[in-house]
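Below you'll find the structure, written out as structure tokens, and then a few comments.
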Amino acid sequence: MDGVVVDIAAVAVRLAEGAGLREVLPDAADPAVWIALDAEARHSAWSSADGTWLPAWERTEQGRTLTDVLRRGEELTDARLVLALCHRDGRIRKRALGRAAERPELLPLVVLRCADWAEPVQETARRLLAELLDAEAAVRLLPLILRIGRRGRGDFVTDLAAGLLRAAAPGTLAPLYTDTHRTVRRYAYRLAVEQGHLSPTELARAAARDTDMVVQSLCADATLAAVAEGGADDDVLETLLGARGAHARAAGVTALRRAGRSERAVGFLGDRAGVVRACARYVVRQGGDDPLAWYRERCGTAGDLAPGVVSGLAECGERADADLLRALTSHPVAAVRTRAVAGLRALDVTDVERMRELLDDPAPGVVREAALALVPSARKLDDQWLMARLGPERPRAERVAAFRLLHAHDGVVRLRAAVALIDDPDERLRHWARQAVQRWRPTADVPRGSAEVGELLDRAGPLFSEYVLIRRKWEVGLKA
């Protein structure tokens, strides 16, 4: 569970023995701690001493007396009340709720009991929470409330919190915008957008700052909607255009058209993100210019070239642009070569001989893209040449590319390549090869009774059950 870094079983025992709540639960703000403690308090294990199934804390001297203490109506410490609120007996949990009203530290357990499977406990907890919870407490407990809200009976707490937060002052949500739980930030920003709590500038800053793509998209879209109504000022535009997240930058580029600054979108035609390039092309076209001509000019000019420009040409270019991309497969910058190869594949133009040469490129990205481009033509390549490239002394990218291309073959070639790597030191390559062996089935080009296939299957024998191995051999006309 996220955030739980303590021994919850030991915590329950220490609570039963009288340890202070804050002493044993230093991270009480973490919802996972309360959820884990609630589960642990009822987790039974066999006790050989008295022959019963009991949680560890109930075997302590003070734990055994807890039920009697509750029945007598005696005062309980916060620590012992925690265990009572989590007790396996619903009647004890219900009685404990009556004593939790004056203990704000135990409000998280009241939230938990609102989703209790015992209806009397659930009803009591819901009445109590409706009395105790205010907007500030809802903000503090929102990580836990959202976790409980995903349970079958958890809609009450989320509905209650939502009602309180909608009616609260706009600044009440502020602590949630920087919460470490992304689910909380998503919830807070959705609510803020729904209620209109944030200005376009604040939304733009949130879209540019937050690391979560959902929050970025939500705030960027809300910024665009606000800009459409009231126009975009420089602060909003510059914040979005300078954001690290692609969705925020794309929103900024889109806003340029409404702001009458379509010419600035040209600077984003070569952006590293495809969604930003697509928005830039749209804005440039709406401004009366041709992005394709711009891409062709940049890709045909010697000198510095951003990889995004190459991708942009492939995204909106034609097959006639393949010569430009083919020339860039010799560019000194690896990222440009990689994008050029990927671009040729996107345009469905494959120069088999050139792609074969690029399997020796020092850049792993180029090798990977070249192999992907060659997959449809894999059977045109010499399988013995590819087998030689599987050797452990080769760079990993070359070995992966060779195996990908051999795997695109049929019959004996595919099995031969996979068996060669079933004991490879590279874990991921070994796993891929073993899966390939287990899924291999003979095709029409596999000779009946092939001794090589029998030998290969025997080498891979430990990967099969006895029955499956016999079955595979029978399929190729071999006796077990």
Side-chain angles (χ1 to χ4, degrees), residues 338 341-342 344-480:
T338 301
V341 175
L344 287 169
R345 184 160 57 90
L347 294 176
D348 197 23
V349 176
T350 303
D351 181 338
V352 174
E353 187 53 38
R354 179 58 182 148
M355 294 300 108
R356 183 181 179 280
E357 293 172 1
L358 289 172
L359 292 177
D360 290 318
D361 194 279
V366 177
V367 176
R368 180 180 62 253
E369 291 295 340
L372 290 172
L374 283 169
V375 165
S377 310
R379 297 180 192 179
K380 296 180 181 179
L381 302 175
D382 181 0
D383 60 280
Q384 292 302 317
W385 178 79
L386 289 172
M387 285 292 296
R389 300 174 69 83
L390 294 177
E393 73 284 354
R394 291 275 188 168
R396 186 180 189 278
E398 291 184 18
R399 302 180 71 220
V400 171
F403 186 62
R404 175 175 278 119
L405 294 170
L406 286 163
H407 189 69
H409 283 71
D410 282 330
V412 180
V413 173
R414 178 184 291 188
L415 180 62
R416 188 186 300 138
V419 171
L421 297 176
I422 58 175
D423 294 316
D424 197 85
D426 185 295
E427 182 178 357
R428 295 181 65 181
L429 201 52
R430 181 175 68 247
H431 179 68
W432 184 11
R434 290 183 176 186
Q435 283 191 322
V437 171
Q438 290 170 330
R439 294 171 180 170
W440 182 85
R441 304 302 288 265
T443 50
D445 62 331
V446 176
R448 297 288 295 173
S450 169
E452 181 187 7
V453 171
E455 182 183 343
L456 290 171
L457 289 173
D458 284 336
R459 284 177 57 191
L463 301 179
F464 299 106
S465 68
E466 183 179 358
Y467 168 79
V468 171
L469 182 59
I470 293 172
R471 178 79 180 180
R472 289 290 183 275
K473 288 185 175 182
W474 176 82
E475 288 173 353
V476 291
L478 294 167
K479 293 183 178 180

Heavy-atom pair with the smallest gap, counting every atom of [X] and [Y]:
{"X": "Phe403", "Y": "Ala436", "answer": "CZ-CB, 4.2 Å"}
{"X": "Arg404", "Y": "Ala371", "answer": "CD-CB, 4.5 Å"}
{"X": "Ala408", "Y": "Ala378", "answer": "CB-CB, 3.6 Å"}
{"X": "Val367", "Y": "Leu359", "answer": "CG2-O, 3.7 Å"}
{"X": "Arg379", "Y": "His409", "answer": "CA-NE2, 3.6 Å"}
{"X": "Val446", "Y": "Gly411", "answer": "CG2-CA, 3.5 Å"}

Spacing of [X] atom [atom1] and [Y] atom [atom2] [to the nearest 0.5 Å]:
{"X": "Leu390", "Y": "Glu393", "atom1": "CG", "atom2": "CD", "result": "10.0 Å"}
{"X": "Leu421", "Y": "His407", "atom1": "CG", "atom2": "NE2", "result": "12.0 Å"}
{"X": "Arg368", "Y": "Glu398", "atom1": "CZ", "atom2": "CD", "result": "14.0 Å"}
{"X": "Leu415", "Y": "Asp410", "atom1": "CG", "atom2": "CG", "result": "12.0 Å"}
{"X": "Leu429", "Y": "Ile422", "atom1": "CG", "atom2": "CD1", "result": "12.5 Å"}
{"X": "Leu344", "Y": "Glu369", "atom1": "CG", "atom2": "CD", "result": "10.5 Å"}

Are Arg356 and Trp385 in a cation-pi setup, meaning NZ or CZ lies under 6.0 angstrom from the ring centre and within 45 degrees of the ring axis?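 Verdict for Trp385: a cation-pi partner in Arg356.
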Derivation of the side chain to side chain contact (heavy atoms under 4.5 Å, CB included) call for Met355 and Val352: CA-CA 5 Å; Met355 294 300 108; Val352 174; 5.9 Å; no
salt_bridge(Asp423, Arg434) N-O dist < 4.0 Å: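 Salt bridge between Asp423 and Arg434, a charged N being under 4.0 Å from a carboxylate O: yes.
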Is the shortest distance from a Lys or Arg side-chain nitrogen in Asp360 or Arg389 to a carboxylate oxygen in the other one below 4.0 Å?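 Yes.
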Determine whether [X] and [Y] make a side-chain contact, defined as any pair of heavy atoms from C-beta on separated by less than 4.5 Å.
{"X": "Leu469", "Y": "Glu466", "answer": "no"}
{"X": "Val476", "Y": "Pro447", "answer": "no"}
{"X": "Met387", "Y": "Leu406", "answer": "yes"}
{"X": "Lys479", "Y": "Ile470", "answer": "no"}
{"X": "Asp361", "Y": "Val341", "answer": "no"}

Can you sort out the partners of Arg459 under side chain to side chain contact (heavy atoms under 4.5 Å, CB included), two or more places apart, ordered by chain and number?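 Arg459: side chain to side chain contact (heavy atoms under 4.5 Å, CB included) contacts with Val419, Leu456.
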Could you tell me which residues satisfy side chain to side chain donor-acceptor pair (under 3.5 Å) with Arg430, sequence neighbours excluded, listed by chain and number?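 Result, side chain to side chain donor-acceptor pair (under 3.5 Å) vs Arg430: none returned.
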Any chance CD of Glu357 has more than 12 other-residue heavy atoms, nucleotides or ligands included, within less than 6.0 Å?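 For Glu357, atom CD is crowded (more than 12 foreign heavy atoms under 6.0 Å).
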Reference residue Asp426; test side chain to side chain donor-acceptor pair (under 3.5 Å); the match among His431, Arg396, Arg399: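 Result: among His431, Arg396, Arg399, Arg396 is the only option passing the side chain to side chain donor-acceptor pair (under 3.5 Å) with Asp426.
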Is a side-chain donor or acceptor of Ser465 paired with a backbone partner of Val468 at a separation under 3.5 angstrom?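 Confirmed, Ser465 side chain pairs with Val468 backbone.
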Quick one: does any side-chain atom of Gln438 pair with a main-chain N or O of Phe464 as donor and acceptor, under 3.5 Å?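 No.
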Kindly determine whether Lys473 and Val453 satisfy side chain to side chain contact (heavy atoms under 4.5 Å, CB included), including the steps that lead there. CA-CA 8 Å; Lys473 288 185 175 182; Val453 171; over 6 Å; no
